[in-house]
Amino acid sequence: MWSILKAVRENPEILYESQRRRGFSVEIVDRAIELDRKWREKLREVNQLRKRRNELARKVKDAKGEERGKIIQEAKAVSEEVKKAEEELKKLEAGLEEVLLSIPNIIHETVPVGKDDAENVPVKYWGKAKVYFEDVDSFVEMTGGMAEYEVTDVKPVGHADAVEIFGWADLERAAKVAGARFYYLLNDLVWLDFALTMYALDYLKKAGFTVVNPPYMMRREAYSGVTAFSDFEEVIYKIEDEDLYLIATSEHPLAAMHMNEVLEERELPLLYAGVSPCFRKEAGAHGKDTKGIFRVHQFNKVEQFVFCLPEESWDWHERLLENAEKLWQGLGIPYRIVNICTGDLGIVAAKKYDLEAWMPAQGKYREMVSCSNCTDWQSYRLNIRFAEERGKPSKGFVHTLNSTAIATTRAITAIIENFQQEDGRVEIPKVLRKYLEPIESAPKDFITPTKTQ
RNA sequence: GCCGGGGUUGCAGAGAGGUACUGCGCCAGCCUUGAGAGCUGGUGCCCGUAAGGGCUCCUGGGUUCAAAUCCCAGCCCCGGCGCCA
């Protein structure tokens with residue numbers, strides 16, 4: 001059974017606790033309990049009426065003459081009653097469904113309580129951060145002295161300025177053509193973008209993932225199964241006059257891939273590495289990161305996605321994070337892992353880690369990877385269950401997890417700030433070079449400033 | 001986009017107004033030293049402690065006492081034509 005419905009019926013205290021820790025009202029839980037009770041009551045009533053209707057309908061077949069007319073009269077009346085009762089049931093069901101689906105995922109016990117991203121808890125630091133001498137105090141304070149660092153006396157050019165000054169992207173013309181938060185990526189960064197994608201896909205394929213290039217648009221029905229309703233307004237683009245939405249991440253078509261399926265236990269876990277462009281309205285981000293290619297309406301991303309047995313999902317959560325870490329360690333970019341607190345978690349995930357890269361020019365850690373265990377929150381909506389074998393009764397809903405591997409534009413900003421030389425050249429991480437090697441005109445060691453035109 | 005054929009339970013196929021059938025697969029029991037064969041019952045979802053009942057023939061509406069079956073709309077698959085990187 002779906003964990004939220006199970007909790008509503010058998011152990012509401014779990015839901016109260018989860019809601020309290022999120023800082024949300026528990027009133028919705030009480031409403032769910034009440035509606036569920038009413039719905040079951042009404043269902044009983046409806047089934048009784050249906051039974052009576054079926055009995056009468058069966059009688060009509062064999063009845064003759066006057067008797068027949070009488071039975072049909074009665075059956076008509078009962079049929080009307082059934083219709084009425086079914087309508088009431090439908091209303092209750094819709095109400096119950098609406099309430100149940102608006103209950104956020106049940107929070108895992110290891111999620112820290114906090115009101116916003118300032119209260120996320122760093123759990124790990126990796127790499128030696130390059131810290132500009134003026135930022136050292138704040139760095140030490142921010143990291144609680146847990147992170148290694150080296151002091152630099154030159155501050156690199158920030159990624160947003162660098163891409164324009166050094167001629168790696170044209171944001172002005174993109175704004176003219178498509179608006180703010182779009183970009184023309186030019187020359188070396190195009191190759192770098194491809195190399196990052198290839199690097200991540202190659203790694204994940206070797207780790208046992210199936211590489212997938214999914215549809216970039218989805219129907220509403222599938223989409224509503226993978227995300228919160230509010231996202232439709234804030235992040236997702238709709239195609240005019242079509243029942244189609246541009247994907248905000250390949251997580252979404254990957255999650256929906258197996259909707260209305262019963263998966264066999266022995267084929268689990270299913271591991272997918274999705275690669276696709278991502279389209280986001282960023283409607284809720286006014287004024288944030290308006291410059292450069294850090295926060296944009298369109299970017300490329302390699303994503304990890306897992307369908308697994310419920311008892312294995314917490315293990316997979318750690319393993320997805322480990323994959324992401326290995327990829328970023330390979331790039332040589334210092335980062336930290338934060339355990340996202342209740343206030344910053346969102347309603348889909350039961351627990352989430354972010355990997356935040358150190359950005360020397362900004363003197364801050366910035367989000368590069370999000371790694372979530374969605375337990376059965378998505379799989380219930382998408383109706384993805386598992387059974388011992390095809391044809392056998394299902395045992396329950398699978399768990400789904402997703403984690404960024406590499407989002408290319410963000411990775412590029414981190415590379416620009418971490419590996420910038422004094423002359424503006426940017427050293428290319430060694431792990432990417434073999435993916436650039438086959439392309440004769442691609443840069444191999446450094447990305448070089450070139451002011452085009 | 002147009003014209004035709006189709007979508008039935010894990011799979012294959014029947015059923016063309018009277019409440020889902022046959023075969024295969026799977027599970028349980030009987031039989032057997034054991035396995036197999038054979039026989040019997042079962043096989044999805046929901047409510048119910050249970051007894052039991054309801055729902056389900058791609059989806060949503062409609063007609064009817066009664067819809068897999070008739071009507072309307074949509075989705076998907078196959079074939080043909082058109083268009084097309």
Side-chain angles (χ1 to χ4, degrees), chain A residues 1-11 32-101 213-225 238-245 253 256-268 270 277 307 376 379-398:
Chain A
M1 199 188 334
W2 181 35
S3 56
I4 287 182
L5 186 60
K6 192 176 161 74
V8 163
R9 290 195 183 156
E10 295 171 16
N11 194 356
I33 293 169
E34 177 64 8
L35 276 168
D36 181 53
R37 194 184 55 74
K38 278 190 182 158
W39 174 78
R40 285 191 283 175
E41 219 165 74
K42 180 58 83 177
L43 180 64
R44 251 183 150 144
E45 186 189 321
V46 168
N47 279 346
Q48 229 127 73
L49 283 167
R50 281 168 171 166
K51 184 186 175 191
R52 176 110 186 90
R53 178 197 60 191
N54 292 347
E55 281 166 356
L56 286 168
R58 251 181 297 247
K59 266 202 219 163
V60 171
K61 193 173 115 178
D62 303 316
K64 297 266 179 328
E66 209 178 304
E67 179 71 11
R68 188 183 158 90
K70 266 171 80 181
I71 297 173
I72 288 184
Q73 279 311 305
E74 198 187 342
K76 239 182 196 164
V78 174
S79 199
E80 277 308 307
E81 267 186 86
V82 169
K83 235 179 212 168
K84 250 195 221 150
E86 276 180 343
E87 263 165 48
E88 286 166 27
L89 181 70
K90 234 182 183 172
K91 259 187 215 156
L92 279 172
E93 208 166 77
L96 174 63
E97 184 83 346
E98 196 191 322
V99 170
L100 285 176
L101 291 182
N213 189 200
Y216 300 164
M217 299 179 208
M218 295 167 63
R219 293 217 184 103
R220 172 128 202 163
E221 190 208 351
Y223 225 129
S224 57
K238 184 179 193 322
I239 304 292
E240 201 177 5
D241 297 328
E242 304 274 350
D243 177 26
L244 286 172
Y245 297 80
M257 194 171 170
H258 291 290
M259 75 177 185
N260 297 325
E261 289 184 26
V262 179
L263 304 171
E264 294 193 24
E265 270 181 15
R266 61 182 163 82
E267 66 187 347
L268 295 172
L270 289 170
F307 298 90
D376 61 1
S379 58
Y380 171 75
R381 278 145 220 262
L382 292 166
N383 188 27
I384 306 173
R385 290 164 299 162
F386 66 96
E388 205 177 307
E389 255 179 81
R390 216 169 292 285
K392 291 204 174 165
S394 76
K395 289 187 174 174
F397 294 96
V398 299

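What you see is a predicted model; the values in this text were computed from it and never measured. Protein chains get the first letters and strands the later ones, always in sequence-line order, with residue 1 at the start of each.
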Between B:G41 and B:C78 - C1' atom distance, rounded Å: 39 Å
Inter- and intrachain pairs under side chain to side chain donor-acceptor pair (under 3.5 Å), touching residues 216-225 of chain A, at least two apart: A:Asn213-A:Tyr216, A:Arg220-A:Tyr245, A:Tyr223-A:His252
Can you pull out the residues from residues 86-95 of chain A that lie within a 4.0 Å heavy-atom distance of RNA chain B? A:Lys90
B:C71 and B:U63: how far apart are their P atoms, nearest whole angstrom? 15 Å
Apply salt bridge (charged side-chain N to carboxylate O under 4.0 Å, His left out) to A:Glu86 and list each qualifying residue two or more places apart in sequence or on a separate chain. A:Arg50
Say we look at B:U69 and B:C58: how far apart would their C1' atoms be, to the nearest angstrom? 15 Å
Got a sec? Which of residues 35-42 of chain A come in under 4.0 Å of RNA chain B, heavy atoms? A:Trp39, A:Arg40
List for me each residue that meets ring-ring contact (aromatic ring centres under 6.0 Å, His included) alongside A:Phe386, sequence neighbours excluded, and say none if there are none. none
Give A:Arg219 one of three labels, base, sugar-phosphate or nothing, depending on what nucleic acid heavy atoms sit under 4.0 Å from its own. sugar-phosphate
Work out how far the P atom of B:C3 is from that of B:C57, and round it to whole angstrom. 28 Å
Indicate, with a heavy-atom threshold strictly under 4.0 Å, whether A:Arg385 touches base, sugar-phosphate, or nothing. sugar-phosphate
Distance-minimising heavy-atom pair for A:Leu382 and A:Ala222: CD2-O, 3.7 Å
Under a 3.5 Å cut-off for both distances, is B:G25 Watson-Crick or wobble paired, and to whom? B:U43
Determine the Euclidean distance between corresponding P atoms of B:G74 and B:G1; express it in Å to zero decimal places. 11 Å
When the P atoms of B:U8 and B:U59 are compared, how many Å lie between them, rounded to an integer? 10 Å
Who pairs with B:G4 - Watson-Crick or G-U, where each distance is under 3.5 Å: B:C78
Looking across every strand, which nucleic acid part, if any, lies under 4.0 Å from A:Ala57 by heavy atom: base, sugar-phosphate, or nothing? base
Touch check for A:Lys59, heavy atoms < 4.0 angstrom, all strands: base, sugar-phosphate only, or nothing? nothing
5' priority, RNA chain B, between A:Arg9 and A:Val46 [closest heavy atom]: A:Arg9
Does A:Tyr380 have any ring-ring contact (aromatic ring centres under 6.0 Å, His included) partners at least two apart in sequence or in another chain, and if so, which? A:Trp2, A:Phe397
For A:Glu93, enumerate each residue passing the salt bridge (charged side-chain N to carboxylate O under 4.0 Å, His left out) test, keeping only those at least two apart in sequence or located in another chain. none
Using a heavy-atom cut-off of 4.0 Å across all strands, would you classify A:Leu56 as base, sugar-phosphate, or nothing? nothing
RNA chain B: 5'-proximal contact among A:Lys392 and A:Gln48 (nearest heavy atom): A:Lys392
Go through RNA chain B in 5' to 3' direction and return only the first and the last nucleotide with some atom under 4.0 Å of chain A's heavy atoms. B:G10 to B:C76
For the residue pair A:Glu242 and A:Met217, establish whether any side-chain heavy-atom pair is separated by less than 4.5 Å. no
Please name all residues satisfying salt bridge (charged side-chain N to carboxylate O under 4.0 Å, His left out) with A:Glu10, sequence neighbours left out, ordered by chain then number. A:Lys6
Atom C1', compared across B:G17 and B:A67: separation rounded to whole Å: 7 Å
State which residues pass salt bridge (charged side-chain N to carboxylate O under 4.0 Å, His left out) with A:Arg58; sequence neighbours excluded, sorted by chain then number. none
Where the chi angle of B:A16 falls, syn if within 90° of 0 and anti if not: syn
Residues 61-84 of chain A side chain polar contacts: donor-acceptor under 3.5 Å, at least two apart:
{"from": "A:Arg68", "atom 1": "NH1", "to": "A:Val60", "atom 2": "O", "distance (Å)": "3.0"}
{"from": "A:Glu74", "atom 1": "OE2", "to": "A:Arg52", "atom 2": "NH2", "distance (Å)": "2.3"}

With A:Glu41 as reference, evaluate A:Arg37, A:Arg44, A:Lys38 under the salt bridge (Lys or Arg N to Asp or Glu O under 4.0 Å) test and give the passing residue. A:Arg37
One pair to check against side chain to side chain contact (heavy atoms under 4.5 Å, CB included): A:Leu5 and A:Asp36. What are the steps and the verdict? CA-CA 9 Å; A:Leu5 186 60; A:Asp36 181 53; 4.2 Å; yes
Go through the structure and list residues passing side-chain contact (heavy atoms from CB on, under 4.5 Å) with A:Glu98, not counting sequence neighbours. none
In the strands shown, is B:U63 matched to any nucleotide by a Watson-Crick or G-U wobble pair with both distances under 3.5 Å, and which? none
Between B:C21 and B:A68 - C1' atom distance, rounded Å: 12 Å
